[in-house]
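All remarks here apply to the structure that follows.
Bear in mind the structure is a predicted one, so any value in this text is a computation, not a measurement. Just so we're on the same page: letters track the sequence lines, and every chain starts at 1.
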Amino acid sequence: MQKELPSAYDPKTTESKIYELWEKSGFFNPDKLPKTHKKTFTITIPPPNVTGELHMGHALNAVIQDAIIRRKRMQGYKTLWIPGTDHAGIATQNKVEQKLKKENLSRFDLGRDKFIEEVWKWKEQYGNIILHQLKQIGASCDWSRARFTMDDGYANSVSEAFVKYYNKGWLYRALRVVNWCIRCGTSLSDLELEYKGENGKLWHIRYKLENQHLPKKTEIQNSKISEVRYIIVATTRPETMLGDAAVAVNPKDERYKDLIGKNVVLPIQNRNIPIIADYAVDPSFGTGAVKVTPLHDFNDWEIAQRHNLPQYKIINERGRMTKGAGAVCEGLKINECREKVLEELAKQNLLEKTEDFAHQVPHCYRCDSIIEPLANLQWFLKMDQLAKTAMRAVKKREVKFVPKRWDEIYIDWLKNVRDWCVSRQIWWGHRLPVWFCGKSDGFQERMDLDEDIKVGCGQIIVSGEKPRNCPSCKGTNLKQSEDVLDTWFSSALWPFATLGWPDKKSKDLKTFYPTQVLSTDRGIINLWVARMIFSSYEFTGQKPFDNVIIHATVLTKDGRRMSKSLGTGIDPLQLIDKYGADATRFGIAYQAMGGQDIRFAEEHIMAGKKFCNKLWNISRFVLLQTTKDESPMTNRIPKPKSQSDKKILSQFNKMSKLADKYLEQYQFGHAAHALYDFVWHDFADVYLEESKKQIARAETKKQAEITKTILLYILTQTLKLLHPFTPFITEEIYSTLPIKDKKLLIVESWPVKSK
RNA sequence: GGGCGCUUAGCUCAGCGGUUCAGAGCACUGCAUUCACAUUGCAGGGGUCGUAGGUUCGAAUCCUACAGCGCCCACCA
């Protein structure tokens with residue numbers, strides 16, 4: 001006997017009950033799917049940060065991935081969706097540091113080991129919240145395979161990757177100008193910056209030519225200033241002049257031709273620096289003369305290399321002026337030093353003029369502090385070959401972006417990418433598998449870089465395991481590098497590390513790799529996707545995935561970014577609480593029309609709830625008709641009798657093919673619209689009404705039965721098509737249908753055959 | 001500075017060269033309702049498709065310019 005449905009659908013009780021049912025069935029785990037599921041289909045989830053909580057972007061992405069996986073599972077694939085979390089080095093460390101700050105502690109008070117312990121504690125407490133939230137939205141991940149980027153196996157993958165790159169000669173350690181976050185106390189890669197427009201100033205400073213005396217006040221008053229020859233440089237960061245090693249002009253610049261090779265006197269520091277010629281200087285900008293600060297500017301570093309200029313380190317890693325900045329400024333903070341320098345220059349009448357200057361200033365993407373370019377000993381990954389590999393994959397369409405226009409963003413970045421600075425000076429992350437003989441490379445040592453940039457006996461050992469002794473001097477006082485790796489270095493390995501790489505015997509890797517789909521947002525195409533692609537080719541010789549779906553960004557209704565701090569965020573869990581998971585899922589999918597943005601409108605979630613209710617009541621009606629006296633039916637397509645019968649069957653056919661096509665093309669919004677329109681307007685509004693008449697009119701029981709069979713058939717098939725979008729309610733309804741040989745809907749066969 | 005995307009009813013969006021291309025949902029108006037559902041049904045009002053040119057027999061749909069919004073990339077001091 002079939003059970004009867006209550007008159008209103010209650011998401012709360014149904015959802016937890018159904019999710020439990022699925023988990024108990026084991027069908028989230030490909031190994032427990034029926035043996036008929038052979039061909040694999042794999043997605044690895046973009047691992048959310050352990051600091052994260054579900055936001056609308058995650059929700060959209062979860063809906064997309066789950067819809068894909070559920071459809072594929074029903075199509076008979078051996079589906080695997082691997083969940084997990086990312087340790088998110090800087091973000092998590094900052095979070096725990098904030099917590100400590102409330103207790104008036106810094107990480108340095110605790111020391112490294114204690115601090116890491118704190119982070120692990122924090123991770124245990126909060127790190128899995130988002131995974132539980134994903135369950136609430138109905139994600140059918142294989143939780144038994146959940147991974148964390150800091151778990152032991154994963155850490156092994158990371159160090160293996162490092163060693164392999166190193167042995168290939170692609171990882172090297174070098175002194176270079178890097179992006180340095182004073183607050184976080186670490187280097188950052190070029191992609192970890194956020195440029196912000198700022199209204200700054202452009203200061204024009206006079207550098208007096210050598211052998212010219214400084215003008216005195218009286219001389220200026222007597223207009224003798226014209227006799228004093230200067231070269232005027234323009235800068236937005238006057239404090240860096242303390243570290244200048246030269247003034248550069250373009251060799252073709254007529255104004256300065258006769259000055260090339262002469263010296264000027266660097267103000268305040270009072271040392272002679274040469275005027276040099278370099279094509280990197282743009283004669284049309286500012287005065288056409290550039291001050292060159294080798295250790296505190298990217299361009300200047302390059303120029304200094306070409307001209308073999310001396311290096312003056314004037315700002316240290318904590319944002320204080322060093323001894324090299326001179327007695328007047330030593331110990332000052334950068335902005336204090338700027339004031340001081342300007343004051344001195346004014347005093348010496350060396351400020352030609354000050355202009356307003358709007359420019360883009362890089363900020364730390366994690367803490368928003370201004371980035372200081374700083375010369376520092378760091379580890380870099382050579383990008384030339386890897387970038388080529390990554391470009392080839394997309395150009396040859398081995399890896400496809402959906403929509404295709406994202407190809408360009410990806411290729412453009414790779415075309416002129418600089419080597420990747422992969423070392424970070426924070427504590428939470430994968431320690432570099434690097435050992436130094438005798439001395440460490442800790443923070444204190446870095447502070448004295450300008451005095452001594454050598455380490456230990458000079459021997460650096462890169463090894464997956466701690467070496468016994470130094471292969472060079474046999475010393476046993478080996479210290480592991482204090483640095484950790486860029487979080488993105490480890491996430492770059494995600495698709496294959498989660499499946500067991502580098503273990504060659506890994507069954508999962510053999511079975512499920514390469515994966516089929518990666519779905520993520522456009523913000524991390526270069527930060528993450530590009531790096532996964534070259535890492536995969538490099539380490540597995542295969543692509544990591546076939547398709548990269550770049551889904552829409554969810555904005556607020558008035559087009560602003562959803563953000564907790566701005567108070568513009570909408571919490572998907574509150575929507576689930578209010579409308580149910582299916583309604584939320586459907587409403588989100590309904591809005592995912594493939595454009596690059598979704599201006600999120602809650603009305604669509606409400607529409608989703610109404611739609612669920614409609615579906616529920618359609619089912620109640622159909623059950624009312626079919627469970628009284630008929631015996632359970634099979635899945636055969638019923639023979640239509642009336643015009644209405646024919647019409648609804650044909651409409652269903654058309655819609656199901658269309659919806660299936662849309663799903664295959666990852667056009668979720670279109671698929672949802674097609675289903676919605678059919679269910680509501682064709683099936684409910686028209687055919688259900690017609691069926692009442694047909695049943696009433698029927699002269700024989702058999703005639704009525706044809707109509708009922710069609711009702712049940714359409715409902716059954718529609719439930720299957722809807723299941724990827726609204727899994728809970730469809731599973732619940734399906735469980736009540738009077739059908740023979742029923743399985744769980746989650747593994748029932750997809751009603752549209754692929755070509 | 002370079003590149004990309006968006007601009008269609010009050011709101012969120014489809015449509016992307018040709019009788020249903022002027023549409024959907026929400027909102028609004030009117031009527032209906034013991035019969036699966038008021039989380040309903042039926043009917044209706046509402047837009048010179050950002051602006052200005054151009055191509056074409058024909059454009060919301062293609063091209064050009066401009067404007068507004070958003071995003072990505074970039075070491076111009």
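- Base pairing analysis places C69(B) opposite G5(B); the two distances defining the Watson-Crick or G-U wobble pair are each below 3.5 Å.
- Base pairing of A43(B) is made with U29(B), judged by Watson-Crick or G-U wobble geometry with both donor-acceptor distances under 3.5 Å.
- Distances shorter than 4.0 Å separate some side-chain N or O of R599(A) from OP1 or OP2 on U12(B).
- The phosphate of C35(B) (OP1 or OP2) has no side-chain N or O of K692(A) nearer than 4.0 angstrom.
- A salt bridge links K353(A) with E355(A): at least one charged nitrogen is closer than 4.0 Å to a carboxylate oxygen.
- Nearest to the side chain of K610(A), among A36(B), C26(B), C73(B), sits C26(B).
- Remark on RNA chain B: of its neighbouring residues I618(A) and A289(A), the 5'-side contact belongs to I618(A), judged by nearest-heavy-atom nucleotide.
- Between the side chain of Q591(A) and the base of A14(B), no donor-acceptor pair of N or O atoms lies under 3.5 Å.
- The separation between F285(A) atom CZ and A74(B) atom P is 19 Å, rounded to whole Å.
- For M593(A), counting side-chain heavy atoms from C-beta on, the closest listed nucleotide (U12(B), A74(B), C13(B)) is C13(B).
- Between Y590(A) and U12(B), a side-chain N or O to OP1/OP2 separation shorter than 4.0 Å is absent.
- Between C4(B) and A9(B), the two C1' atoms lie 28 Å apart (nearest whole Å).
- Listed nucleotides U12(B), G3(B), C75(B) differ in distance to Y195(A); the shortest reach to its side chain belongs to C75(B).
- Taking atom CH2 of residue W406(A) and atom P of nucleotide C73(B), one finds them 11 Å apart after rounding to whole Å.
- Along RNA chain B, the nucleotide closest to H681(A) and the one closest to D282(A) are compared, and the more 5′ of them pairs with H681(A).
- Atoms CG (N617(A)) and P (C35(B)) sit 12 Å apart, rounded to a whole Å.
- Listed nucleotides: C11(B), C73(B), C75(B). Nearest to the side chain of R418(A): C75(B).
- At least one cation-pi condition fails for K614(A) and Y676(A): the charged atom is not both under 6.0 angstrom from the six-membered ring centre and inside a 45 degree cone around its axis.
- No donor-acceptor distance shorter than 3.5 angstrom exists from the side chain of N250(A) to the backbone of D282(A), with no hydrogens or angles considered.
- The phosphate of G41(B) has OP1 or OP2 within less than 4.0 Å of a side-chain N or O from W680(A).
- Annotation: U56(B) and A43(B) have their P atoms spaced 43 Å apart (nearest Å).
- Ion pairing of D571(A) with K578(A) is absent here, as no side-chain N (NZ or NE/NH1/NH2) approaches a carboxylate O to less than 4.0 Å.
- Within the structure, a side-chain polar atom (N or O) of K614(A) is placed less than 4.0 Å from OP1 or OP2 of G41(B).
- Look at the C1' atom in both G17(B) and C62(B): the space between them is 8 Å, to the nearest Å.
- Using cut-offs of 30° and 60° for the angle between ring planes, the H673(A) and Y590(A) rings count as parallel.
- Residue D407(A) contributes atom CG, which lies 19 Å from atom P of C72(B) at whole-angstrom precision.
- Nucleotides C49(B) and G44(B), compared at atom P, are 24 Å apart to the nearest Å.
- Distance from the side chain of F621(A) is smallest to A36(B) among U12(B), A36(B), A74(B).
- As rounded to whole Å, 14 Å separates atom C1' of C37(B) from atom CG of L623(A).
- Summarising the geometry, the separation between CD on E355(A) and P on A77(B) is reported as 13 Å, rounded to the nearest angstrom.
- Taking atom C1' in both U19(B) and C31(B), one finds a spacing of 33 Å when rounded to whole Å.
- Nucleotide C62(B): paired with G54(B) (Watson-Crick or G-U wobble, both distances less than 3.5 Å).
- Summarising the local packing, CZ of R561(A) is surrounded by 12 or fewer heavy atoms from other residues, nucleotides or ligands at distances under 6.0 Å.
- For F298(A), whose side chain is taken as the heavy atoms from C-beta onward, the closest listed nucleotide among C71(B), A36(B), C75(B) is C75(B).
- Taking atom OH of residue Y579(A) and atom P of nucleotide U39(B), one finds them 14 Å apart after rounding to whole Å.
- The cationic group of R531(A) lies under 6.0 Å from the six-membered ring centre of W420(A) and within 45° of the ring axis, placing it in a cation-pi geometry.
- Phosphate contact (OP1/OP2 of G15(B), side-chain N/O of H670(A), threshold under 4.0 Å): present.
- If you check C11(B), G41(B), A36(B) against the side chain of D685(A), the one that comes closest is G41(B).
- Distance R306(A) CZ to C75(B) C1': 12 Å, rounded to the nearest Å.
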